[in-house]
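Everything on this sheet refers to the single structure shown next.
Note that the structure is a prediction, hence the values are computed from the model and not measured.
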Amino acid sequence: MPVSDRELTQMFEHVLKLSKVDETQSVAVLKSHYSNQRIVDAAMDAAQRLGAKVYGVELPSFNHPKAMGNDMTAYCGDTALTGNIAAQRALEAADLIVDTMMLLHSPEQEQILKTGTRMLLAVEPPEVLARMLPSLEDKARVLAAEEVLKKAGSIRVLSKSGTDFSARLGQYPTVTEFGIADEPGRWDHWPSGFLFSWPNEGTAEGTLVLDVGEMLLPFKTYVREKVTLEISEGFVRRIHGGFDAEYLRDYMKYFNDPEVYGISHIGWGLQPRAQWTAMGLHDKNDGMCMDARAFYGNFLFSTGPNTEVGGSRKTPCHMDIAMRNCDVLLDGEAVVLAGDVVAPEASRVG
Ligand SMILES: O=c1ccc(O)c[nH]1
Ligand SMILES: [Fe+2]
């Protein structure tokens with residue numbers, strides 16, 4: 001269902017207000033030629049209506065000859081900003097950046113946030129932005145869960161299909177996403193509603209059995225034949241199963257980089273307005289499919305880069321894999337059981 005430009009501007013006013021944009025603030029809208037111009041315009045209009053000093057930073061797009069597909073999460077690390085110090089300084093000068101071109105998983109994003117500048121990523125289709133318009137209830141649920149995650153020393157994930165994965169936690173910070181960039185140095189993504197951390201280096205162990213229906217990003221496919229990932233000492237060592245496994249193996253091998261098998265962020269979804277079924281209703285190029293990353297009660301697993309939190313793995317291949325019907329335990333206590341959020345109570349819906 002199409003969202004009007006007026007409604008899009010009103011939604012940006014809502015989100016930027018929650019992100020503390022007012023007449024004391026400067027807002028930079030970061031774009032490239034492939035940005036959704038309707039999103040760029042709505043962000044610029046809304047920031048001005050809130051009294052902020054607004055400016056645009058337009059970068060020539062960056063394409064790596066090895067990158068495949070149009071999903072910006074598929075090839076991470078180098079971006080249109082890489083090496084462009086003048087543009088990075090122009091962005092660091094802002095209080096808030098609305099990123100409509102995708103800096104995620106780049107060292108430059110981390111450098112900019114360290115200066116205290118806030119950043120809000122907004123690249124999904126307006127209809128998806130509307131369906132998951134950020135709310136203070138989303139923020140409260142995710143922050144309640146963060147209280148538990150940030151104290152956890154270990155995570156264990158189990159499922160009836162045979163998943164038994166574990167890792168130590170604590171080496172890396174927790175990251176929350178609820179679509180509101182309200183604190184200095186905070187990055188957020190509208191739409192979202194989930195949280196994650198990274199395994200302590202070398203500690204991820206076990207087996208992940210991707211059952212029929214799990215979601216593979218950036219492929220935008222639902223698994224049709226079980227895929228088994230065998231993980232030891234922090235890396236995926238074997239991928240086996242049927243066609244889906246062969247496709248995943250071939251895709252990751254293509255990058256010819258052993259670091260693609262490293263484990264990236266792991267966490268769980270808390271967004272009830274994100275739907276498992278949504279990916280099947282969108283074209284692959286519509287966006288990055290935040291429904292998969294955020295749907296309530298998922299276990300979100302990923303491979304590849306950890307530069308977002310100062311890690312050394314700047315590998316370009318990033319897989320986000322959303323799983324259903326898992327048990328997620330932190331220090332032996334369940335936060336998710338069979339794909340339903342069970343704790344903490346303040347993170348549950350209904
Ligand atoms: O919001 C996001 C989007 C992609 C990703 O890999 C992490 N978080
Ligand atoms: Fe990811």
Return all side-chain donor-acceptor pairs below 3.5 angstrom for residues 321-328, not counting sequence neighbours, or 'none' if the list is empty.
unit_1: Arg324; atom_1: NH2; unit_2: Val212; atom_2: O; d: 3.3
unit_1: Asp327; atom_1: OD1; unit_2: Ala338; atom_2: N; d: 2.7

Short side-chain donor-acceptor distance under 3.5 Å, [Y] and [X]:
X	Y	answer
Thr207	Asp164	no
Asn84	Gln88	no
Asn306	Glu201	yes
Asp99	His189	no
Arg186	Ser19	no
Gln275	Thr277	no
His240	Glu230	yes
Ser154	Asp331	yes

Do [X] and [Y] touch side chain to side chain, with heavy atoms closer than 4.5 Å?
X	Y	value
Leu120	Val15	yes
Leu16	Val98	yes
Lys139	Pro134	no
Arg49	Thr9	yes
Tyr261	Thr315	no
Arg89	Ile85	yes
Thr174	Leu195	no
Val128	His282	yes

| Phe255 vs Tyr75 aromatic rings, parallel, tilted or perpendicular, using cut-offs 30° and 60°? |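 Phe255 vs Tyr75 ring planes: tilted.
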| task | Verify salt bridge (Lys or Arg N to Asp or Glu O under 4.0 Å) between Arg38 and Asp5, making sure each step is shown before the conclusion. | result | CA-CA 7 Å; Arg38 293 183 61 212; Asp5 287 341; 2.6 Å; yes
| message | Which residue is it: His105, Met319, Arg293? I am looking for the one with a side-chain contact (heavy atoms from CB on, under 4.5 Å) to Thr73. | response |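 Exactly one candidate clears the test, Arg293.
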| field | Among Met279, Gln271, Arg273, Met215, the one residue meeting side-chain contact (heavy atoms from CB on, under 4.5 Å) with Phe295 | value | Met215
Can you confirm whether [X] is buried at [atom1], in the sense that more than 12 heavy atoms of other residues, nucleotides or ligands lie under 6.0 Å from that atom?
X	atom1	value
Glu333	CD	no
Lys253	NZ	no
Lys314	NZ	yes
Arg156	CZ	no

Side-chain ([X]) to main-chain ([Y]) donor-acceptor, under 3.5 angstrom:
X	Y	value
Asp283	Asn285	no
Gln25	Asp22	no
Lys66	Tyr254	yes
Ser302	His265	yes
Tyr296	Asp340	no
Tyr55	Ala90	yes
Glu124	Cys289	yes
Ser347	Ala145	no
Ser197	Pro173	yes
Ser32	Leu59	yes

Pair [X] + [Y], salt bridge at N-O below 4.0 Å:
X	Y	result
Asp291	Arg131	yes
Asp71	Lys284	no
Arg141	Asp138	yes
Glu246	Arg249	no

| task | Begin with the C-alpha distance, continue with both residues' side-chain angles, and end with the deciding distance and a verdict on side chain to side chain contact (heavy atoms under 4.5 Å, CB included) for Leu229 and Phe301. | result | CA-CA 11 Å; Leu229 305 179; Phe301 173 79; 3.9 Å; yes
With the 4.5 Å side-chain cut-off for hydrophobic clustering, are [X] and [Y] part of the same group?
X	Y	value
Val142	Phe299	yes
Ile180	Ile97	no
Phe165	Leu248	yes
Leu330	Trp198	no
Ile266	Val260	yes

| task | Kindly indicate, with the supporting measurements, whether the criterion side chain to side chain contact (heavy atoms under 4.5 Å, CB included) is fulfilled by Thr79 and Met102. | result | CA-CA 8 Å; Thr79 70; Met102 177 90 169; over 6 Å; no
In Å and rounded to the nearest 0.5 Å, what is the [atom1] to [atom2] distance from [X] to [Y]?
X	Y	atom1	atom2	value
Asn70	Asn63	CG	CG	9.5 Å
Leu281	Glu127	CG	CD	12.5 Å
Leu129	Phe12	CG	CZ	6.0 Å
Ile39	Leu8	CD1	CG	6.0 Å

Mind listing the closest non-hydrogen atom pair of [X] and [Y] along with its distance?
X	Y	result
Gly287	Pro125	CA-CD, 4.3 Å
Leu169	Ala152	CB-O, 3.6 Å
Ala343	Ala334	CB-O, 3.5 Å
Ala278	Tyr222	N-OH, 4.1 Å
Glu177	Asp188	CA-OD1, 3.2 Å
Trp276	Gly213	NE1-O, 2.8 Å

| request: Let me see the working for Leu136 and Leu18 under side chain to side chain contact (heavy atoms under 4.5 Å, CB included), right down to the final yes or no. | output: CA-CA 8 Å; Leu136 290 175; Leu18 287 175; 3.9 Å; yes
